[in-house]
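As the structure is a computational prediction, the values presented were derived from the model and not from experiment.
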Amino acid sequence: MKRLLALAALLLSLCGLQAQQITVQAPRSVPAGQYFHVRFEVNGQASQFEPPTVTGAKIVSGPSYQMSSSTSYVNGRSTSSVSTTFDYAMRSDKEGTATIGAAYCTVGGQKAASQGFTIKITKPDPQQQQRQQAQSNPRQQASADQPVEIDAKSLFARASISKSNPYKGEQVIITYKIYTQVPLSQYQIDKLPGNKGFWSEDLSEGRKIKQYEETVDGRRYSVAEIRRGAMFAQESGNIRITPLDLDVLAMVQRRRTGTIWDLFDDPFFNSARAVEKHLRTNSLNVQVKPLPNEPEGFIGGVGSFEVKDQADLQEVRANEAVTYTVTISGSGNLMLINTPELNFAQNVEVYDPETKDKINRSDNGISGSRTFQWVLIPRSEGTLTIPETTIYTFDPKTGTYASHKIGGIDIKVTPGDPKAMQHVSNKSDVKKLNSDINFIKKGNPRLDQLGDSHHFLWFWIILASEIILACIAIAVGKRREAQAKDIAGTRLRRATKEARKRLRKAEAHIKSGNDNLFYEEVYKAIWGCLADKFNINLSQLSSDTVMECLKEKQVPEEQQQLIQTTLNDVDFARFAPGDKSQLKQEIYDKALRMIASL
């Protein structure tokens, strides 16, 4: 029985080894200049594919991935199998021999390898050359010469305003949105609009971008509110708000040429290309209405307001301070409200009022309160009367002025010390009067002669320290100025830092189980690091341009293969079946190793 079990285990291990082999499909011979395919097939779910070394031929595209699974039912039992194919398109322009080395991958935690082989390159076929030359022109014209364009109806920006004919000083909300039917990876505001004639407040600072869907002219769009602001017109008449300019990075599908060349550009696993697009919103014309005849006592407030006033004391001694407060609360142009004018009696000393603001910024605009505080000091006993006054604000909803009565408060003043409150300039002086003047210090002071050596020693130490600090400051300033001019160097220095920051975000998404956000952060980390490290424009970033750049910069071949393998594995893993958590951890580790190697 032991021998039978050992024999069975040996057979199973041999079957496992057989399953781990990579089979190859390739032609034995091919004419020079003709494209041919080399396919590596694995019986199982493969990962960490390491491409073969190729001499005597050029890899035109690949590897492209294909994974297939099948399930069969026999006698009520189900059996499933998975196979993976890595496909390369190659070409050799010279007659001779092309050598394809061994390829490696991991299947079920075990290493699998293919056998190396050679392909005979025969004399070129004249008819095939003519066909390829005829087909190469439309291919180049479609993919290289012509830039990828995005339909103006698929991606645009728009500005809107809550009210196009407000009163002078009335609060209006302006919103800037991006409407898109293509995925966007990032945006950057290039030029803010000119708001001449308006007082403006940013309502979107520190807030998350609002995203939702909206239908425009029968088409469904994903909408992102990128900026929202509150505006208050400072003059009447027709005022124009200039457009907002911004740059976005769109991920668009690669163009299909309709020729045989599409076979060598399989877009299934790398279907998107980063395209930089400049957007400009529409301008806005606002017809501002003037306010009606302003009554005496109008404090400049336009909006919906409430006014409250109070005195902190009902009884006070002469030459002591009392505080009178007026609070205006509501929504509107709180920052532009003027101080109410109050006429106090001559026997009351009045200090300039202190203004305190509590401003709230929300999607609905500006709200909160503005408070004015007067410090009053009665100089004689009797009654301190805060005169009754009517102040006015304008309500744009009704188009009329709202009146608010303040004052009319009597405060009893009792006798006090007439010398206690002289030459006081503000409220803080009132509180500190009894503690800010100290007695003259008595006794024999300690005096040193001017010629003592330790005085001069400290003088020279301080002087030398200041000179050294000044030199350091100048050197640091020149270095920062040089770094600001060196754009490529700045991108190089920040490349690894930014990539690691994004990978930390991706690591958090592994635990949360959000696959889309995980792969998005991994993509941004890898592509952003490559773009900054090798000074490549994001709009030109693709697998081909990265590999060409690596060759131009003479990056070691092992590092090139690591980068190529990482990019391929990330594309492949997003659509691979199986244990997603384990696969995401492998992708995260591989991306971390690739970025560390850079």
Strictly distance-based, threshold 3.5 Å: is any side-chain N or O of Tyr221 a donor or acceptor partner for the main-chain N or O of Lys153?
yes

List for me each residue that meets side-chain hydrogen bond (donor to acceptor under 3.5 Å, both in side chains) alongside Arg361, sequence neighbours excluded, and say none if there are none.
Glu201

Lys210: what forms a salt bridge (charged side-chain N to carboxylate O under 4.0 Å, His left out) with it, not counting sequence neighbours?
Asp363

Nearest 0.5 Å please: distance from the CG atom of Leu203 over to the CE atom of Met231.
11.0 Å

I would like to know whether Ile100 and Tyr88 meet side-chain contact (heavy atoms from CB on, under 4.5 Å); could you show each step before the answer?
CA-CA 11 Å; Ile100 313 298; Tyr88 284 93; over 6 Å; no

Step by step, would you call Val42 with Phe40 a side-chain contact (heavy atoms from CB on, under 4.5 Å)?
CA-CA 7 Å; Val42 183; Phe40 299 89; 5.7 Å; no

d(Tyr179 OH, Leu155 CG) to nearest 0.5 Å is 12.5 Å

Compare all side-chain heavy atoms of Leu246 with those of Ile178 and state whether any distance is below 4.5 angstrom.
yes

Working to the nearest 0.5 angstrom, can you tell me the gap between Glu225 CD and Tyr176 OH?
12.5 Å

His37 to Pro27 - nearest heavy-atom pair and separation
O-CD, 3.5 Å

Can you name the closest pair of heavy atoms from Ile209 and Ala224 and give their distance?
CG2-CB, 4.0 Å

Grab the two heavy atoms, one from Pro52 and one from Gly101, that are nearest each other, plus how far apart they are.
CB-O, 3.2 Å

Output the distance between atom CD1 (Ile119) and atom CE (Met90), rounded to the nearest 0.5 Å.
7.0 Å

What is the minimum heavy-atom distance between Phe198 and Ile241, and which atoms define it?
CE1-CG1, 4.1 Å

Using atom types as modelled and distance alone, determine if a side-chain donor or acceptor of Ser92 lies under 3.5 Å from a backbone N or O of Gly56.
yes

Give a yes or no answer on whether the side chain of Thr281 reaches the backbone of Leu244 with a donor-acceptor pair at less than 3.5 Å.
yes

So, using side-chain contact (heavy atoms from CB on, under 4.5 Å) as the criterion, who are the partners of Asp217 when residues are at least two apart?
none

Could I get the full list of side-chain hydrogen bond (donor to acceptor under 3.5 Å, both in side chains) partners for Asn282, not counting sequence neighbours?
none

For Thr175, check side-chain hydrogen bond (donor to acceptor under 3.5 Å, both in side chains) against everything at least two apart and list the hits.
none

Measure the CD1-NZ distance between Ile22 and Lys111 for me, rounded to the nearest 0.5 Å.
9.0 Å

The criterion is salt bridge (charged side-chain N to carboxylate O under 4.0 Å, His left out); which residues satisfy it with Arg220, sequence neighbours excluded?
Glu213

Student check: side-chain heavy atoms of His278 and Asp245 closer than 4.5 Å:
yes

Using side-chain contact (heavy atoms from CB on, under 4.5 Å) as the criterion, list what pairs up with Ser362, not counting sequence neighbours.
Arg207, Asn364

For Asp202, enumerate each residue passing the side-chain contact (heavy atoms from CB on, under 4.5 Å) test, keeping only those at least two apart in sequence or located in another chain.
Ser204, Glu205, Arg227

Would Arg228 and Ile173 count as a side-chain contact (heavy atoms from CB on, under 4.5 Å) here? Give the steps.
CA-CA 7 Å; Arg228 179 183 283 258; Ile173 307 298; 3.4 Å; yes

Could you work out, with ring-ring contact (aromatic ring centres under 6.0 Å, His included) as the rule, every residue matching Tyr187, not counting sequence neighbours?
none

To check you understand the geometry: which heavy-atom pair defines the closest contact between Ser114 and Val24, and what is its length?
CB-CG2, 3.8 Å

Could you give the distance from NZ (Lys120) to OG1 (Thr122), rounded to the nearest 0.5 Å?
7.5 Å

Please name all residues satisfying salt bridge (charged side-chain N to carboxylate O under 4.0 Å, His left out) with Asp247, sequence neighbours left out, ordered by chain then number.
none

Glu95: salt bridge (charged side-chain N to carboxylate O under 4.0 Å, His left out) partners, not counting sequence neighbours
none

Give the minimum heavy-atom separation between Thr180 and Val182, together with the two atoms involved.
OG1-O, 2.6 Å

For atom CD of Gln115, decide whether the heavy atoms of other residues, nucleotides or ligands shown that lie under 6.0 angstrom number more than 12.
no

Just to verify, what does Glu41 make a side-chain hydrogen bond (donor to acceptor under 3.5 Å, both in side chains) with, not counting sequence neighbours?
Gln25

